[in-house]
2 protein chains.
Amino acid sequence: MADILGDNGRKTARTPKHWALKDGLVSLVADAGPGGPLPGERALAERFGVSRTTVRKALTELMAEGRLTRVHGSGTFAGAGKVTQRLQLSSYTEDMRSHGLNPTSALLEATVEIAEPDVAALLAVSEGSAVLRLRRLRSADGEPMAIETSRLPLSRFPGLEERVGDTSLYGVLWEHYGVQLGHAEETIETALATPADAALLGNEVGAVMLRLSRHSFDTDNRPVEWVRSVYRGDRYKFVATLVSPRPQ
Amino acid sequence: MADILGDNGRKTARTPKHWALKDGLVSLVADAGPGGPLPGERALAERFGVSRTTVRKALTELMAEGRLTRVHGSGTFAGAGKVTQRLQLSSYTEDMRSHGLNPTSALLEATVEIAEPDVAALLAVSEGSAVLRLRRLRSADGEPMAIETSRLPLSRFPGLEERVGDTSLYGVLWEHYGVQLGHAEETIETALATPADAALLGNEVGAVMLRLSRHSFDTDNRPVEWVRSVYRGDRYKFVATLVSPRPQ
DNA sequence: TAGTGGTCTAGACCACCCC
DNA sequence: GGGTGGTCTAGACCACTAC
């Protein structure tokens, strides 16, 4: 008698079929090699004796873990793993280069808008004053990686809207306005890809993302920019160096 | 003639039905108030004229965003939002208290193991030497929040296995071994809840998580611990302060 | 025991890519 | 056109909770 092993009893780990399926799929990924093609979803369903729905659930999880990528009309392929980006006050460009990746940045939008109450508070300007909103698509080696939306106070940086796109934003701030970044508060959380995100990143709606929100200050502690970005959760991880608050 | 609006053309944002459903569900959440109950999934499917599968997909997304919680045999409830935790070299306990939450920590496991090559390298001990592995379940106000697995070199901290659980680990390290943390490298990425995670956290398998990996060093730059934790992505966000690498 | 959420199925149809 | 992934459906059965 006695419930022996595998009883899946209460408070124990239950393993759904879609989760167990991942083991089999992972070995297919290993066989395929980086970027190699996997069998189609219908073929996988037949091979493992499950429904296509269950296969897709397992594939979606593996995709979220960065182990494979799916391309709509094309197929499923072994994944490329995650890129590590350092959380620091440096440019995206420098950062990607240090990983041997070729970074590009497309300016999707540069518009002047009127500061809403929340943005006004964050940028320390009066409500309704002019704010420059920049929207960029960051890519590495041609693959879209992140969408970044920045807001800067035009009252502090008159004419900035004419100067973006030329060179690095932080370079422009220093050369034309004598402003240098001192510190920033960066928040990280999970999020899901919106339809707009998915369209730009070649993602699926609802894909797991990392949302970062950066509030940057200059060396005089005045707010300089407020940035919200979403990074593909299957392609990125972030690393930060923490120092002791009580240094001895 | 002429595709007017709503044509959902190429390269534009397509909005799947499950995503659009979220708007309707969000207003139900608002009506319910924090912690309030929502109608059952079958009732929602009928009300919105979609299949239960589609309702569940939308609910799963809202859950990942922290807007609601589901309890197995019980029901679906309006969510509690996210807690912000600072990335710093301080204890979980201090951190939660500063948010007015009552933190508890259950020691699930404290075992001595033999260092695998990767752990040995991280802790700067020889392969095969003794390592203490601690596994904790962190809760706030009674709700499970995170699972934390730490590893410390017993060769540097003899007898440590007898002293854990009494008080804070960092306190013990200081009082008995004269060791104080100097800095740490912390990595953050998304992950999915394993069956074991889900069982401990009262989560669903595959739920979105934040995985942190911390490599801590003492004031002499010697490695002290290596910690891997998973936090519920629907309950947590992290914030870090970044400082300029060129302080001029 | 009745109701709730959790898993799985088989099949339909659409959108996209490539030949 | 034919294949691939993306979305949605209707329904079955299981596991858990509350009564």
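Protein chains get the first letters and strands the later ones, always in sequence-line order, with residue 1 at the start of each. As the structure is a prediction and not an experimental result, all values here were calculated from the model. Computation of the quantities below employed the complete heavy-atom set of this structure, encompassing side-chain atoms and omitting hydrogens, waters and symmetry-equivalent molecules.
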*Are Arg133(B) and Glu109(B) close enough for a salt bridge, meaning some N to O gap below 4.0 Å?*
yes
*Residue closer to the 5' end of DNA chain C, Thr76(B) versus Gly73(A) (nearest nucleotide)*: Thr76(B)
*Using only side-chain N and O atoms of Ser74(B), determine if any of them is under 4.0 Å from OP1 or OP2 of dG5(C).*
no
*Leu62(A) has an atom CG; how far is it from atom C1' of dG5(D), in whole Å?*
16 Å
*Rounded distance in Å - CG (Leu59(B)) to P (dT4(C))*: 13 Å
Side chains of residues 33-44 of chain A: which donor-acceptor partners sit under 3.5 Å, not counting sequence neighbours?
residue, atom, partner, partner atom, Å
Glu41(A), OE1, Arg52(A), NE, 3.0
Glu41(A), OE1, Arg52(A), NH2, 3.0
Glu41(A), OE1, Arg56(A), NH1, 3.3
Glu41(A), OE2, Arg56(A), NH1, 2.8
Glu41(A), OE2, Arg70(A), NH1, 3.4

*Which residues share a side-chain hydrogen bond (donor to acceptor under 3.5 Å, both in side chains) with Glu116(B), sequence neighbours left out*: none
*Can you name the side-chain hydrogen bond (donor to acceptor under 3.5 Å, both in side chains) partners of Thr53(B), sequence neighbours left out?*
none
*asked:* Can you list everything that forms a ring pair (Phe, Tyr, Trp, His ring centres under 6.0 Å) with Phe77(B)? Sequence neighbours excluded, please.
replied: none
*Could you check how far CZ of Arg70(B) sits from P of dT17(D), rounded to whole Å?*
15 Å
*Just by protein heavy atoms under 4.0 Å, how would nucleotides 7-14 of chain D read 5' to 3' in B, S and -?*
BSBB-BB-
*Distance, rounded to the nearest Å, where Leu44(B) contributes CG and dG6(C) contributes P*: 13 Å
*Residues two or more places apart in sequence or in another chain: which of them pass salt bridge (Lys or Arg N to Asp or Glu O under 4.0 Å) with Glu186(A)?*
Arg214(A)
